[in-house]
Amino acid sequence: QVQLVESGGGLVQPGGSLRLSCAASGFTFSSYRMSWYRQTPGKERELVASIGSSLGLTTYAASVKGRFTISRDNDKNMVDLQMNRLRPEDTAVYYCCAVNSWSKDGYWGQGTQVTVSS
(Lines give C-alpha, C1' and ligand atoms only; values in the text may rest on other atoms or scores of the structure.)
Protein backbone atom coordinates (compact mmCIF):
# COMPACT_ATOMS: atom_id res chain seq x y z
CA GLN A 1 0.00 0.00 0.00
CA VAL A 2 1.41 3.34 -1.07
CA GLN A 3 1.30 5.97 1.64
CA LEU A 4 2.42 9.56 1.93
CA VAL A 5 1.75 10.99 5.38
CA GLU A 6 2.34 14.68 6.02
CA SER A 7 2.94 16.16 9.45
CA GLY A 8 4.14 19.37 11.04
CA GLY A 9 1.40 21.75 10.05
CA GLY A 10 -0.25 24.11 12.46
CA LEU A 11 -0.91 27.70 13.43
CA VAL A 12 1.98 30.14 13.33
CA GLN A 13 2.30 33.91 13.49
CA PRO A 14 3.58 35.91 10.52
CA GLY A 15 7.35 35.77 10.40
CA GLY A 16 7.44 32.43 12.13
CA SER A 17 8.66 29.05 10.93
CA LEU A 18 7.32 25.55 10.46
CA ARG A 19 8.89 22.35 9.25
CA LEU A 20 6.68 19.94 7.33
CA SER A 21 7.58 16.29 6.96
CA CYS A 22 6.30 13.62 4.61
CA ALA A 23 6.83 9.95 5.40
CA ALA A 24 6.66 7.69 2.35
CA SER A 25 6.10 3.96 2.16
CA GLY A 26 4.99 1.30 -0.29
CA PHE A 27 7.17 2.35 -3.22
CA THR A 28 10.80 2.84 -4.16
CA PHE A 29 11.26 6.30 -2.72
CA SER A 30 14.62 6.97 -4.34
CA SER A 31 13.08 6.56 -7.81
CA TYR A 32 10.57 9.33 -7.28
CA ARG A 33 10.72 13.05 -7.64
CA MET A 34 9.23 14.55 -4.48
CA SER A 35 7.25 17.75 -4.37
CA TRP A 36 5.23 19.92 -2.04
CA TYR A 37 2.04 21.50 -3.32
CA ARG A 38 -0.42 23.74 -1.57
CA GLN A 39 -4.04 24.64 -2.11
CA THR A 40 -6.19 27.49 -0.83
CA PRO A 41 -9.98 27.52 -1.27
CA GLY A 42 -10.85 29.06 -4.62
CA LYS A 43 -7.40 28.54 -6.07
CA GLU A 44 -5.75 25.80 -8.08
CA ARG A 45 -3.30 23.53 -6.35
CA GLU A 46 0.13 25.05 -6.91
CA LEU A 47 3.63 23.65 -6.87
CA VAL A 48 5.63 25.02 -3.96
CA ALA A 49 8.89 23.10 -4.17
CA SER A 50 10.31 20.01 -5.81
CA ILE A 51 13.43 17.88 -5.45
CA GLY A 52 14.69 15.40 -8.01
CA SER A 53 15.13 11.69 -7.51
CA SER A 54 18.76 11.36 -8.58
CA LEU A 55 20.71 14.60 -8.55
CA GLY A 56 18.56 16.24 -5.89
CA LEU A 57 18.09 19.40 -7.92
CA THR A 58 15.49 21.68 -6.39
CA THR A 59 12.94 24.09 -7.78
CA TYR A 60 10.76 26.60 -5.96
CA ALA A 61 7.80 28.77 -6.67
CA ALA A 62 8.82 32.39 -6.98
CA SER A 63 6.62 33.28 -4.02
CA VAL A 64 8.58 31.03 -1.63
CA LYS A 65 12.09 31.10 -3.04
CA GLY A 66 14.54 32.21 -0.39
CA ARG A 67 12.12 31.38 2.43
CA PHE A 68 11.39 27.67 1.95
CA THR A 69 13.81 24.77 1.60
CA ILE A 70 12.95 21.27 0.42
CA SER A 71 15.12 18.32 1.38
CA ARG A 72 14.97 14.54 1.25
CA ASP A 73 16.48 11.58 3.04
CA ASN A 74 16.38 8.49 0.86
CA ASP A 75 17.48 6.26 3.76
CA LYS A 76 14.49 7.33 5.83
CA ASN A 77 12.05 7.76 2.93
CA MET A 78 11.31 11.28 4.08
CA VAL A 79 10.93 14.64 2.41
CA ASP A 80 10.79 17.85 4.42
CA LEU A 81 9.83 21.43 3.76
CA GLN A 82 11.41 24.03 6.00
CA MET A 83 9.30 27.18 5.89
CA ASN A 84 10.72 30.42 7.26
CA ARG A 85 9.44 33.98 7.39
CA LEU A 86 5.92 32.78 6.88
CA ARG A 87 3.29 35.14 5.54
CA PRO A 88 -0.50 35.06 5.78
CA GLU A 89 -0.65 34.24 2.07
CA ASP A 90 1.22 31.01 2.81
CA THR A 91 -1.91 29.75 4.54
CA ALA A 92 -3.02 26.60 2.73
CA VAL A 93 -3.28 22.86 2.91
CA TYR A 94 0.12 21.49 2.00
CA TYR A 95 0.36 18.20 0.13
CA CYS A 96 3.24 15.83 -0.42
CA CYS A 97 3.50 14.37 -3.93
CA ALA A 98 5.67 11.63 -5.41
CA VAL A 99 6.17 11.17 -9.16
CA ASN A 100 8.20 8.34 -10.63
CA SER A 101 11.01 9.75 -12.72
CA TRP A 102 10.50 7.17 -15.46
CA SER A 103 6.86 6.01 -15.45
CA LYS A 104 5.40 9.32 -14.21
CA ASP A 105 3.08 7.47 -11.84
CA GLY A 106 2.07 9.82 -9.06
CA TYR A 107 0.88 9.63 -5.45
CA TRP A 108 -0.57 12.21 -3.08
CA GLY A 109 -0.71 12.56 0.65
CA GLN A 110 -3.78 13.68 2.58
CA GLY A 111 -2.43 17.13 3.32
CA THR A 112 -1.59 19.13 6.41
CA GLN A 113 -3.04 22.52 7.28
CA VAL A 114 -0.75 25.51 7.64
CA THR A 115 -2.32 28.69 8.98
CA VAL A 116 -0.31 31.90 9.24
CA SER A 117 -2.23 34.45 11.27
CA SER A 118 -1.89 36.91 14.10
Check: residues 26-33 side-chain donor-acceptor pairs under 3.5 Å, at least two apart:
{"from": "R33", "atom 1": "NE", "to": "S50", "atom 2": "OG", "distance (Å)": "2.6"}
{"from": "R33", "atom 1": "NH2", "to": "S50", "atom 2": "OG", "distance (Å)": "3.2"}

Check the surroundings of atom CD in E89: do more than 12 heavy atoms from other residues, nucleotides or ligands lie under 6.0 Å from it? yes

So, the side chain of E6 versus the backbone of C96: is there a donor-acceptor pair under 3.5 Å, distance only? yes

Which class fits the ring pair F68 and Y94: parallel under 30°, tilted 30 to 60°, perpendicular over 60°? tilted

Work out which heavy atom in M83 is nearest to a heavy atom in L20; give both atom names and the distance. CE-CG, 3.7 Å

Close side-chain approach of I70 and Y60, heavy atoms under 4.5 Å: yes

So how far is it from L11 CG to Q113 CD, rounded to the nearest 0.5 Å? 9.5 Å

Is Y107 reachable from I51 through a run of hydrophobic residues whose side-chain heavy atoms are each under 4.5 Å from the next? yes

Inter- and intrachain pairs under side chain to side chain donor-acceptor pair (under 3.5 Å), touching residues 10-25, at least two apart: S17-N84, R19-D80, R19-Q82, S21-D80

Side-chain contact, heavy-atom cut-off 4.5 Å: L81 with R38? no

Just verifying a value: how many Å separate R45 CZ and C97 SG, rounded to the nearest 0.5 Å? 8.5 Å

The reported gap from OG in S71 to CE in M34 (rounded to nearest 0.5 angstrom) is 11.0 Å

Nearest 0.5 Å please: distance from the OG1 atom of T58 over to the NZ atom of K65. 8.0 Å

Following the transitive rule for hydrophobic clusters with a side-chain heavy-atom cut-off under 4.5 Å over Ile, Leu, Val, Met, Phe, Trp and Tyr, establish whether L18 and W36 coincide in one cluster. yes

Identify the heavy atoms of A92 and T40 that sit nearest to each other, and give their distance. CB-OG1, 3.6 Å

Verify same cluster id: Y37, V114 (apolar side-chain graph, 4.5 Å): no

Which atoms form the tightest heavy-atom contact between L4 and A24, and what is the distance? CD2-CB, 3.5 Å

For residues L47 and S35, determine if any side-chain heavy atom of one lies less than 4.5 Å from a side-chain heavy atom of the other. yes

For V116 and T91, which heavy atoms make the closest approach, and how far apart are they? N-OG1, 2.9 Å

